[in-house]
Amino acid sequence: MLNANMFIFYVDNPTASKDFYQHILGQSPVEASDTFAMFHFSSDVLLGLWSKHTVEPKAGAITASGELGFAVESAEAVDNYYREWQQKGVSIIQSPQHMDFGYTFTAQDPDGHRLRVFAVA
């Protein structure tokens with residue numbers, strides 16, 4: 001069975017996106033160039049940020065239609081990240097609230113990709 005361990009977001013400006021993720025994650029990328037950056041999470045998941053102008057094969061219309069989820073241990077941790085990201089100027093599109101799966105808020109990166117921080121109920 002294949003094991004998915006890397007997600008790639010197509011971005012307008014990989015350097016700006018690298019700076020954004022470095023700022024909110026508090027870690028440096030493991031790889032960075034003018035067209036690509038990659039972050040390695042302790043869970044062994046990789047996040048790649050690839051220039052939508054240089055990706056091969058060329059991508060069609062690019063829209064932000066998914067989410068990158070960050071599971072945390074508690075509702076208090078959700079609130080802490082919410083306040084931290086607000087202070088860092090991250091665009092918040094959903095304030096913390098209880099939903100059927102748990103407690104969550106949603107932000108977005110400079111390209112509109114959704115970033116959901118959540119604690120399972």
Side-chain angles (χ1 to χ4, degrees):
M1 182 167 119
L2 289 175
N3 182 30
N5 67 346
M6 182 175 190
F7 299 90
I8 297 176
F9 285 164
Y10 301 143
V11 299
D12 187 52
N13 181 333
T15 300
S17 292
K18 172 194 63 79
D19 292 346
F20 171 84
Y21 281 95
Q22 186 169 326
H23 186 61
I24 68 165
L25 298 174
Q27 69 182 55
S28 297
V30 295
E31 181 180 332
S33 70
D34 291 340
T35 61
F36 185 80
M38 183 167 43
F39 289 87
H40 182 243
F41 296 101
S42 61
S43 60
D44 283 334
V45 171
L46 302 169
L47 172 63
L49 307 167
W50 197 346
S51 170
K52 67 182 181 181
H53 308 289
T54 63
V55 64
E56 291 292 338
K58 298 287 185 208
I62 297 172
T63 61
S65 61
E67 297 181 350
L68 180 59
F70 298 91
V72 297
E73 63 280 356
S74 66
E76 181 180 356
V78 170
D79 287 335
N80 289 341
Y81 279 105
Y82 174 73
R83 285 189 295 276
E84 179 184 322
W85 286 13
Q86 276 188 311
Q87 291 170 352
K88 291 181 175 186
V90 176
S91 174
I92 306 294
I93 60 173
Q94 177 193 37
S95 59
Q97 61 187 264
H98 293 278
M99 299 185 72
D100 58 349
F101 58 86
Y103 189 62
T104 186
F105 78 90
T106 308
Q108 60 186 176
D109 75 8
D111 290 279
H113 299 110
R114 291 178 172 211
L115 309 173
R116 181 176 299 277
V117 177
F118 65 96
V120 176

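Here D44 contributes atom CG and N3 contributes atom CG; the two are 9.5 Å apart, rounded to the nearest 0.5 Å. Taking CD1 from I8 and CG from L46, the interatomic distance works out to 9.5 Å, rounded to the nearest 0.5 Å. Put simply, CD on Q108 and CG on L68 are 13.5 Å apart, with the number rounded to the nearest 0.5 Å. Interatomic distance, OG1 of T35 versus CG of N13, reported as 11.5 Å (0.5 Å rounding). Put simply, OH on Y82 and CZ on F105 are 8.5 Å apart, with the number rounded to the nearest 0.5 Å. Annotation: the span from M99 atom CE to Q97 atom CD amounts to 5.5 Å, rounded to 0.5 Å.
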- Message: Between F36 and L49, is the side chain to side chain contact (heavy atoms under 4.5 Å, CB included) condition met? List the steps.
- Response: CA-CA 5 Å; F36 185 80; L49 307 167; 5.9 Å; no
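Hydrophobic clustering keeps I93 apart from F118 (ILVMFWY residues linked when any side-chain heavy atoms are closer than 4.5 Å, directly or through intermediates). When the side chains of ILVMFWY residues are joined at heavy-atom separations under 4.5 Å, either directly or via intervening members, M6 and F39 end up in two distinct hydrophobic clusters.
In this structure a side-chain-to-backbone donor-acceptor pair under 3.5 Å is missing from K52 to A61. At least one donor-acceptor pair closer than 3.5 Å links the side chain of T104 to the backbone N or O of V117. K88 places a side-chain N or O within donor-acceptor distance of the main-chain N or O of H23, the cut-off being under 3.5 Å.
Taking 4.5 Å as the limit, every side-chain heavy atom of W85 sits out of range of all side-chain heavy atoms of N80. By the 4.5 Å heavy-atom criterion applied to side chains, P110 and F20 are counted as neighbours. Counting heavy atoms from C-beta outward, M38 and P29 have side chains that stay 4.5 Å or more apart. Between F7 and V45 there is a side-chain heavy-atom pair separated by less than 4.5 Å. Here the side chains of V90 and I24 are in contact, with some heavy-atom distance below 4.5 Å.
Of the candidates D109, D111, D12, S17 forms a side chain to side chain donor-acceptor pair (under 3.5 Å) with just one, namely D111.
A side-chain donor from one of Y103 and D79 sits under 3.5 Å from a side-chain acceptor of the other. Under the 3.5 Å distance criterion, with hydrogens and angles disregarded, a donor-acceptor pair is assigned to the side chains of T106 and R116. Using modelled atom types and a 3.5 Å distance limit, the side chains of T15 and D34 yield no donor-acceptor pair.
Classified by interplanar angle (parallel below 30°, tilted 30° to 60°, perpendicular above 60°), the ring pair F9/H113 is parallel.
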Can you give each donor-acceptor pair under 3.5 Å made by side-chain atoms of residues 69-77, sequence neighbours left out, with the distance rounded to 0.1 Å?
residue: S74; atom: OG; partner: E76; partner atom: N; Å: 3.4
residue: S74; atom: OG; partner: A77; partner atom: N; Å: 3.1

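Nearest approach of G66 to R114, heavy atoms of both residues: O-CB, 3.5 Å.
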